[in-house]
Colleague: 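Okay, here's the structure, questions in a sec.
Everything numeric in this text was worked out from a predicted model, so none of it was measured. Count residues from 1 along the sequence.
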Amino acid sequence: MALRMWASSTANALKLSTSASSKSAFLSAPAFSLSRCFSTVLEGFKYASSHEWVKHEGSVATIGITDHAQDHLGEVVFVELPDVGKPVAQSGSFGAVESVKATSDINSPISGEVVEVNSKLSENPGLINSSPYEDGWMIKVKPSNPSELESLMGSKEYTKFCEEEDASH
């Protein structure tokens, strides 16, 4: 009985139906699909091998850590970010993320000058977990060398990179 209740509550949490009428539909076509990497990777973004993302729009590039990175870090409890006006260098550290598991440096995928910092993260660092590509962005940079974006991975390359990295662990 306890196992049935657990299975039912798990199915509800995953929004799966266990009714008899839906069993044949569920078996023939899954209600959801899982990425082999189990992380969200968005089109139109560029990705660094150190698991930061960049979204370049006009003269500004927004930077944060990927869904894959936040998933491996666990619950983020503190974020250290640079001051506006500070220069950042491609592959250089610009801050740190502290989670319940570890503290990790955050590297800039591109060079430039910090023009804005996400001040919401000081009071609510968990935004990195709940919304890594939107509310959990970290800094906005005026790129000094936009061609550096060409050295970063697109969504398909980054997905493959994550799959290979996870398979090697």
Colleague: Identify, with sequence neighbours excluded, every residue that meets side-chain hydrogen bond (donor to acceptor under 3.5 Å, both in side chains) alongside Ser147.
Modeller: Asn145

Colleague: Please write out which residues are connected to Val60 in a hydrophobic cluster, directly or through intermediates, given that two of Ile, Leu, Val, Met, Phe, Trp, Tyr count as joined at side-chain heavy-atom separations below 4.5 angstrom.
Modeller: Val115

Colleague: Verify side-chain contact (heavy atoms from CB on, under 4.5 Å) between Asn118 and Met138, making sure each step is shown before the conclusion.
Modeller: CA-CA 5 Å; Asn118 189 348; Met138 297 179 166; 5.7 Å; no

Colleague: So which atom in Ala61 and which in His56 form the shortest heavy-atom distance, rounded to 0.1 Å?
Modeller: CB-CD2, 4.0 Å

Colleague: Could I get the full list of salt bridge (charged side-chain N to carboxylate O under 4.0 Å, His left out) partners for Glu43, not counting sequence neighbours?
Modeller: none

Colleague: Closest heavy-atom contact between Pro132 and Ser130?
Modeller: CD-C, 3.8 Å

Colleague: With sequence neighbours excluded, tell me which residues meet side chain to side chain contact (heavy atoms under 4.5 Å, CB included) with Ser144.
Modeller: Ser111

Colleague: Taking the side chain as every heavy atom from C-beta outward, state whether Val117 and Val84 have any atom pair closer than 4.5 Å.
Modeller: yes

Colleague: Going by side chain to side chain contact (heavy atoms under 4.5 Å, CB included), name the residues that satisfy it together with Ser91, two or more places apart in sequence or in a different chain.
Modeller: none

Colleague: Could you measure the distance from the CD1 atom of Ile65 to the CG atom of Asp71? Nearest 0.5 Å is fine.
Modeller: 10.5 Å

Colleague: For Ser151, what residues pass the side chain to side chain contact (heavy atoms under 4.5 Å, CB included) criterion, not counting sequence neighbours?
Modeller: Gln90

Colleague: With a 4.5 Å cut-off on side-chain heavy-atom distances among I, L, V, M, F, W and Y, is there a chain of contacts connecting Tyr47 to Val141?
Modeller: no

Colleague: Would you kindly confirm whether Val88 and Val79 end up in one hydrophobic cluster when ILVMFWY residues are joined by side chain heavy atoms under 4.5 Å apart?
Modeller: yes

Colleague: Locate the shortest heavy-atom distance separating Thr40 from Asp67; write the atom from each residue and the value.
Modeller: N-OD2, 2.7 Å

Colleague: Show me the pairs that pass ring-ring contact (aromatic ring centres under 6.0 Å, His included) and involve residues 71-126, at least two apart or across chains.
Modeller: His68-His72

Colleague: Looking at side-chain heavy atoms only, is the closest gap between Ile63 and Pro109 below 4.5 Å?
Modeller: yes

Colleague: Which residue pairs pass the ring-ring contact (aromatic ring centres under 6.0 Å, His included) test when at least one of the two sits in residues 132-152, sequence neighbours left out?
Modeller: Phe45-Tyr133, Trp53-Tyr133

Colleague: For Lys86, what residues pass the salt bridge (charged side-chain N to carboxylate O under 4.0 Å, His left out) criterion, not counting sequence neighbours?
Modeller: none

Colleague: Under a 3.5 Å distance rule, please check whether Ser131 uses its side chain to pair with a backbone N or O of Leu127 as donor and acceptor.
Modeller: no

Colleague: Under the salt bridge (charged side-chain N to carboxylate O under 4.0 Å, His left out) definition, can you give me all pairs with a residue in residues 45-59, not counting sequence neighbours?
Modeller: Lys55-Glu57

Colleague: Return the set of residues passing side-chain hydrogen bond (donor to acceptor under 3.5 Å, both in side chains) with Glu165 (not counting sequence neighbours), or none when no residue passes.
Modeller: His51

Colleague: Report the residues that fulfil salt bridge (charged side-chain N to carboxylate O under 4.0 Å, His left out) with Lys160, sequence neighbours left out, ordered by chain and then residue number.
Modeller: Glu164

Colleague: For a 4.5 angstrom cut-off between non-hydrogen side-chain atoms, does Ile110 reach Leu149?
Modeller: yes

